[in-house]
Amino acid sequence: MTEQNLTDSRYDVVVVGGGAAGLSAALVLGRARHRTLVVDAGEPRNAPSAHMQGYLSRDGMPPAEFLALGREEIARYGVELVRDRVTDVARGEDFTVALERGGGVRARRIVVATGLKDEMPDVPGVAERFGRDVLHCPFCHGWEVRDEPFGVLASSPAGVHQALMVSRWSKDVTFFLHRVAEEELSDLDLRRLAAAGVDVVPGEVAGLVVEDDRLTGVRMADGAVHSRSVVFVAPRPVPQTGLLERLGAEMDETPFGTYPVVDPNGLTSVPGVWAAGNAIGFTEQVVHAASGGYRAATAIVGDLRMADLDAALGA
Ligand SMILES: Cc1cc2nc3c(=O)[nH]c(=O)nc-3n(C[C@H](O)[C@H](O)[C@H](O)COP(=O)(O)OP(=O)(O)OC[C@H]3O[C@@H](n4cnc5c(N)ncnc54)[C@H](O)[C@@H]3O)c2cc1C
């Protein structure tokens, strides 16, 4: 990690965010001999988890180790990385990238790989245990907790889908309706839940029961306790796309957050600005984020090559 004075430095590409998406883009850009800077605030989404699953050949690796290896790899190709936060990106002949600690740098192209934040349901204990025994994604954690007694906390009627999905990993699933009224579930929902053997419990959840630093149950507002060792929740995804919005990128509002409209390589509607990873969609897993960063980088390499050749021709 570099600590030099970056003010007024000019890079071919500044990558905002040093998670899987940003580091993957940086690796490809460095290997293509582009002067590249990664600015990373150092708060990757999966930090609460001890292990990262489902990334071929890295299954089970701690997320911090995965990123440390990525940082080592980009350094081999001369890519610079600073621990800082980009507070603004302004368009001009070059982009001007403002850094939180003051000053800024210039760049010909930008990759926004800023990820998303998970906003937890406001049930006491849920946020504290997220990534341990409060989980959101069966593909990330289902195997590790298979056959345990699961609870699923509904945030909306769409929680039915999560309850049905996780029932692949355990036959003992209780679906807590919490603030969702039973009448909001369709007849098909109820029949599918019954077919999957999922118990449906109406009523508000008041909190989690934790003993010896382990989740042991779900406490209802009426005081009843259901013994459960794992609870699945549906955090509200909050994409970190403020920079793109300020740049005037076309955005698409979805039930899962507002994301930039991008082409298959992550090019946004702002010429010269690409996006990758959870900054373009909440379902992007680590392997997708790395792939998205790679695709954005190859597109940028082509874009810069043609721009330089055309400039030479013009000259
Ligand atoms: C608890 C949990 C467990 C998960 N487990 C798995 C799993 O097992 N397998 C799997 O494939 N996926 C898993 N995921 C999903 C995984 O976290 C994401 O797929 C992955 O983090 C997306 O990578 P990314 O690079 O887009 O974003 P991130 O990894 O979130 O990286 C974004 C980076 O950008 C930085 N940043 C944000 N804004 C700025 C700014 N303005 N300036 C500078 N830096 C900035 C952030 O601090 C962060 O370091 C899990 C998610 C959670 C919540």
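Starting from 1, each residue takes its place in the sequence as its number. Both counts, for ligands and for their atoms, begin at 1 and track the order of listing.
In this structure, the protein non-hydrogen atom closest to atom 21 (O) of ligand 1 is Arg45 CB, 3.8 Å. Ranking protein heavy atoms by distance to atom 8 (O) of ligand 1, first place goes to Gln53 N, 2.8 Å. Of the protein's non-hydrogen atoms, Val286 N, 3.0 Å is the one closest to atom 11 (O) of ligand 1. When only non-hydrogen protein atoms are considered, atom 51 (C) of ligand 1 lies nearest to His136 CE1, 3.7 Å. Protein heavy atom in closest approach to atom 22 (C) of ligand 1: Asn278 OD1, 3.4 Å. Among protein heavy atoms, the minimum distance from atom 33 (C) of ligand 1 is reached at Asp40 OD1, 3.7 Å.
Using a 4.0 Å cut-off between charged nitrogen and carboxylate oxygen, Arg45 and Glu284 do not count as a salt-bridge pair. Under the 4.0 Å criterion applied to side-chain N and carboxylate O atoms, Glu65 and Arg58 are not assigned as salt-bridge partners. Using a cutoff of 4.0 Å between basic side-chain nitrogens and carboxylate oxygens, Arg246 and Asp88 are scored as salt-bridged.
The shortest heavy-atom contact between Phe95 and Gly272 is CE1-O, 3.8 Å.
When Leu99, Val14, Val39 are checked for heavy-atom proximity to atom 43 (C) of ligand 1, Val39 turns out nearest.
At a heavy-atom distance under 4.0 Å, only side-chain atoms of Ala289, from C-beta outward, approach ligand 1.
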